[in-house]
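Below is one structure, written out as structure tokens; the observations come after it.
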Number of protein chains: 2
Amino acid sequence: MQLDGRLSRMMHLLIHMDRANGPITSGEAAEMLHTNPVVIRRTMAGLRDVGFVRSIKGHAGGWTLLKPLESISMLDVYKAVGQPRIFAIGLVDPAPDCLVEQAVNASMTSALEKAEALLIAQLGEVTLAAIAKDFDRRFSASCANSL
Amino acid sequence: MQLDGRLSRMMHLLIHMDRANGPITSGEAAEMLHTNPVVIRRTMAGLRDVGFVRSIKGHAGGWTLLKPLESISMLDVYKAVGQPRIFAIGLVDPAPDCLVEQAVNASMTSALEKAEALLIAQLGEVTLAAIAKDFDRRFSASCANSL
DNA sequence: TCATATGTAATATATGGAGTTACATATATG
DNA sequence: CATATATGTAACTCCATATATTACATATGA
């Protein structure tokens with residue numbers, strides 16, 4: 001399986017949009033994320049559906065952020081992009097006849113569910129505003145370094 | 001991505017091997033796991049390398065469990081099958097130039113690492129013996145049901 | 001009207017586990 | 001020693017899915 005980067009990608013883009021004045025086109029966004037305009041539109045569709053962004057067609061169109069970064073958590077973005085599958089490992093058969101396999105599944109599921117719950121909790125605790133603030137720190141630091 | 005079932009599969013098989021008297025061939029194991037003998041050999045190679053099982057070629061050959069289930073944790077099996085990638089989601093670029101993406105990566109990595117640490121801890125706490133014991137409970141229960 | 005955007009379908013690409021075939025090698029058994 | 005039976009492994013194919021790309025329909029401001 002290839003890695004699913006939709007959550008990372010959209011967080012990245014939303015912070016850029018917050019920094020921009022005026023709409024950002026799919027083409028501009030694609031350059032920022034080193035990808036393709038269609039990938040942007042496809043993935044942003046989920047964010048538009050939940051009201052985080054708006055898209056406008058035609059001249060002077062593009063994408064606009066509708067909500068403050070303070071109000072958007074990593075978890076919100078995760079949900080908006082369709083709650084991609086979290087784990088690359090898992091059960092071979094979710095409902096096996098073999099009782100041994102059922103016992104194995106129970107242990108695996110228990111471990112995975114606990115890890116998933118912690119991840120979801122972590123995602124819920126961090127807002128995009130906090131990440132943007134971290135960016136500001138990194139930006140200041142990089143300026144200081146270049147003196 | 002397709003799901004990686006090597007950990008589940010090998011736990012399943014090791015418990016069956018503990019219940020068997022005498023070696024189990026790759027063909028018999030493949031039937032138990034509803035898969036292919038080559039998949040068995042390929043995946044069991046890692047368990048053999050760390051000394052959990054032994055393989056004997058030729059007549060009356062097959063696979064034998066060398067260690068008690070009490071001494072093998074889920075984590076041991078996870079490591080033996082090559083520590084497969086845990087997450088299906090992740091960073092687009094682990095070392096981006098963009099400072100915004102760096103900040104996003106830092107937050108994603110932090111969340112994923114905490115979840116991974118919990119999962120590893122969970123896997124380390126459960127032995128195959130505990131899972132076998134759970135199987136025994138399920139087996140008793142299924143017998144009781146069929147009365 | 002036309003240049004510029006998004007919306008979306010269709011297709012190609014890349015990745016990696018799993019499935020399968022083929023064959024080399026090792027080993028009891030007669 | 002010949003043979004049936006195992007493992008060991010290389011070399012495929014298959015499959016799922018995110019991503020990349022092309023193509024074209026649709027909408028909109030100048």
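Treat the numbers as computed from the prediction; the structure is a model and nothing was measured. In what follows, every chain begins at residue 1, and chains take the letters A, B, ... in the order their sequences are listed.
- Arg9(A) comes within 4.0 angstrom of the backbone, heavy atoms only, and of no base.
- Residues meeting the side-chain contact (heavy atoms from CB on, under 4.5 Å) test with Thr43(A), sequence neighbours left out: Arg6(A), Met10(A), Val39(A), Val81(A).
- Counting non-hydrogen atoms of neighbouring residues, nucleotides and ligands closer than 6.0 angstrom, the CD atom of Glu31(A) reaches no more than 12 such neighbours.
- The shortest distance between the side-chain N/O atoms of Ser26(A) and the OP1/OP2 oxygens of dT6(C) is below 4.0 Å.
- Within residues 93-111 of chain A, no residue places a heavy atom under 4.0 Å from DNA chain D.
- Nucleotide dC1(D) forms a Watson-Crick or G-U wobble pair with dG30(C), both donor-acceptor distances falling under 3.5 Å.
- Residues satisfying the side-chain contact (heavy atoms from CB on, under 4.5 Å) test with Asp134(A), not counting sequence neighbours, are Arg137(A), Arg138(A), Ala103(B), Ala106(B).
- For the segment residues 10-20 of chain B, no residue has any heavy atom less than 4.0 angstrom from an atom of DNA chain C.
- Contacts between residues 74-84 of chain B and DNA chain C, defined by a heavy-atom separation under 4.0 Å, are absent.
- Look at Ser55(A) and you'll find a side-chain N or O under 4.0 angstrom from OP1 or OP2 of dG7(C).
- Considering only side-chain N and O atoms, Arg48(A) lies under 4.0 angstrom from the phosphate OP1 or OP2 of dG7(C).
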Please list, pair by pair, any protein nitrogen or oxygen found under 3.5 Å from a nitrogen or oxygen in nucleotides 20-24 of chain C.
residue: dT20(C); atom: O4; partner: Arg42(B); partner atom: NH2; Å: 2.8

